[in-house]
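Structure first, commentary second.
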Amino acid sequence: MDLFEEIYRIVRQVPRGKISTYGAVARALGDIRASRAVGVAMNINPDPEFTPCYRIVNSDGTVGGFSMGVDEKIRRLKEDGIEVVNGRIKNFEQVFFDDFFTRYPLKSLREEQIRLSRRVVLDDSFEKDELIAGVDVAYSRENKRLACAACVIMDKNLNVVEQKWLIDDVNFPYIPTYLAYRELPIITEIIEKLEQKPDILMVDGNGILHPFGIGIASHIGVVMDIPTVGVAKGLLCGEEKNGIITINGSLSGYALHHSKKPIFVSPGHRISAETALKIVKHFLRYRLPEPIRHAHILARSKIAEIDRRT
DNA sequence: GCGACAG
DNA sequence: ATCTTGTCGC
Ligand SMILES: [Mg+2]
């Protein structure tokens, strides 16, 4: 699913002489949470003459940003006949457009998440726990649709057994609660490239610690049918109390405060919360468990190398 | 007005 | 995540 292309398709529906907002485009995608991603998509708009991103403004009526300069955005709006006074759209309600033709792609993805969430297994369902892999994705600053995925397999003595990396395009922006749709394709690709099969995969992001119980670690686990653990650097949802994270009163994960800033561990798939915690603790040396930390360093260094050469 | 928003 | 074209709720 190329959500960037879906965004551009919606933005092209705004007629000359009308404006819409980041939030309205996000709603046409199916979720207001995508408003910031709409801004990101406008920022990297590959063809501003074809896709008039200058017609997308802030929902409070201010014009918002523009990579060619806000003055240029205002100039183009005025050329369309939109009046702008003190950086604010005049007659906002009259010129506002949100009558989009859309299939609400994010609503379909949410339905898929809910279906997948019912398939999450929270019992220890693995033969061995000898080879633990960590995976992470780093992004190019030159080309914002280019990413590097890296995977590092370690044994229980924290020796690196195998590492692989690859570069590929990413066609889905980061949207809170939809992270899997951004990173799953490239992560699937890197896992398939491994010569050895890890017993458990640790993912940079949440497992069941997600508003629909299906963070990226759980999502990968169910789709690939592998045991997974989620390790996040920030709290997406839930409440912390004495190191325990609950959503609506039921346990979803744990907070670890071993480092300056906490991490949040939650089971992904085919593992219990307690076992997930135990395995993460076994690999802690710095803030992040070693397999993920090494994958992060590898991915960053490779994408930095690409950026240097272009 | 300020912080929250996995990456 | 990178260095940035947001929105909502407290
Ligand atoms: Mg990451």
*Once you round it to whole Å, what is the distance between C1' of C:dC8 and CD1 of A:Ile175?*
17 Å
*Among the nucleotides B:dG7, C:dT7, C:dG6, which one has an atom lying closest to any side-chain atom of A:Asp204?*
B:dG7
*Rounded to whole angstrom units, what separation is found between the CG atom of A:Leu29 and the P atom of C:dT7?*
13 Å
*OP1 or OP2 of C:dC8 sitting under 4.0 Å from any side-chain N/O of A:Ser35?*
no
*Using atom CG of A:Asn206 as one end and atom C1' of B:dG7 as the other, report the distance to the nearest whole Å.*
10 Å
_Counting only side-chain heavy atoms from C-beta out, which of B:dC5, C:dC3, B:dG7 sits nearest to A:Arg141?_
C:dC3
*Please give, in whole Å, the distance from C:dT4 P to A:Asn143 CG?*
15 Å
*Is A:Tyr139 touching bases, backbone alone, or none of the nucleic acid, heavy atoms closer than 4.0 Å?*
sugar-phosphate
*Of all the choices, C:dC8, C:dG6, C:dA1, which nucleotide is nearest to the side chain of A:Tyr22 once you look at every atom?*
C:dG6
*Counting any heavy atom closer than 4.0 Å, what does A:Gly215 reach on the DNA or RNA strands: base, sugar-phosphate only, or nothing?*
base
*Within the structure shown, what part of the strands sits under 4.0 Å from A:Thr177 by heavy-atom distance: base, sugar-phosphate, or nothing?*
base
*Taking atom C1' in both B:dC5 and C:dT4, compute the distance separating them and give it to the nearest angstrom.*
15 Å
*Any idea how A:Tyr178 and A:Tyr181 line up, ring-wise: parallel (<30°), tilted (30 to 60°), or perpendicular (>60°)?*
tilted
*asked:* In this structure, how many angstroms lie between the C1' atom of C:dG6 and the CD1 atom of A:Ile7, rounded?
replied: 13 Å
_Quick one: does any side-chain atom of A:Arg36 pair with a main-chain N or O of A:Pro176 as donor and acceptor, under 3.5 Å?_
no
*asked:* What is the distance, to the nearest angstrom, from the CZ atom on A:Arg293 to the P atom on B:dG7?
replied: 17 Å
*Under 4.0 angstrom between A:Lys233 side-chain N/O and B:dG7 OP1 or OP2*: yes
*Would you kindly give the CZ-to-P distance between A:Arg145 and B:dG7, to the nearest whole Å?*
22 Å
*Sugar-phosphate only, base, or nothing, as touched by A:Tyr178 at under 4.0 Å among non-hydrogen atoms*: base
*Taking A:Lys73 for the side chain and A:Gly65 for the main chain, is one N or O donor matched with an acceptor at less than 3.5 Å?*
yes
*asked:* What contact category does A:Leu235 fall into here, base, sugar-phosphate, or nothing, at under 4.0 angstrom with non-hydrogen atoms?
replied: sugar-phosphate
_Whole angstroms only, please: what is the CZ-P distance between A:Arg36 and C:dT4?_
14 Å
*From the list C:dA1, C:dG6, B:dG7, which nucleotide is the closest neighbour of the side chain of A:Asn58?*
C:dG6
*Tell me what A:Leu179 touches on the nucleic acid: a base, only sugar-phosphate, or nothing, going by heavy atoms under 4.0 Å.*
base
*asked:* Classify A:Ser59 by what it touches in the nucleic acid, base, sugar-phosphate, or nothing, heavy-atom distance under 4.0 Å.
replied: sugar-phosphate
*Please say which of A:Lys233, A:Arg293, A:His296 ends up in a side chain to side chain donor-acceptor pair (under 3.5 Å) with A:Asp204.*
A:Lys233
*asked:* Check the phosphate of C:dC8 against A:Arg27, side-chain N and O only, distance under 4.0 Å to OP1 or OP2. Yes or no?
replied: yes
_Is it true that A:Thr102 and A:Arg27 share a donor-acceptor pair across their side chains at a distance under 3.5 Å?_
no
*Please step through side chain to side chain contact (heavy atoms under 4.5 Å, CB included) for the pair A:Asn91 and A:Phe96, ending with a clear verdict.*
CA-CA 9 Å; A:Asn91 302 319; A:Phe96 176 71; over 6 Å; no
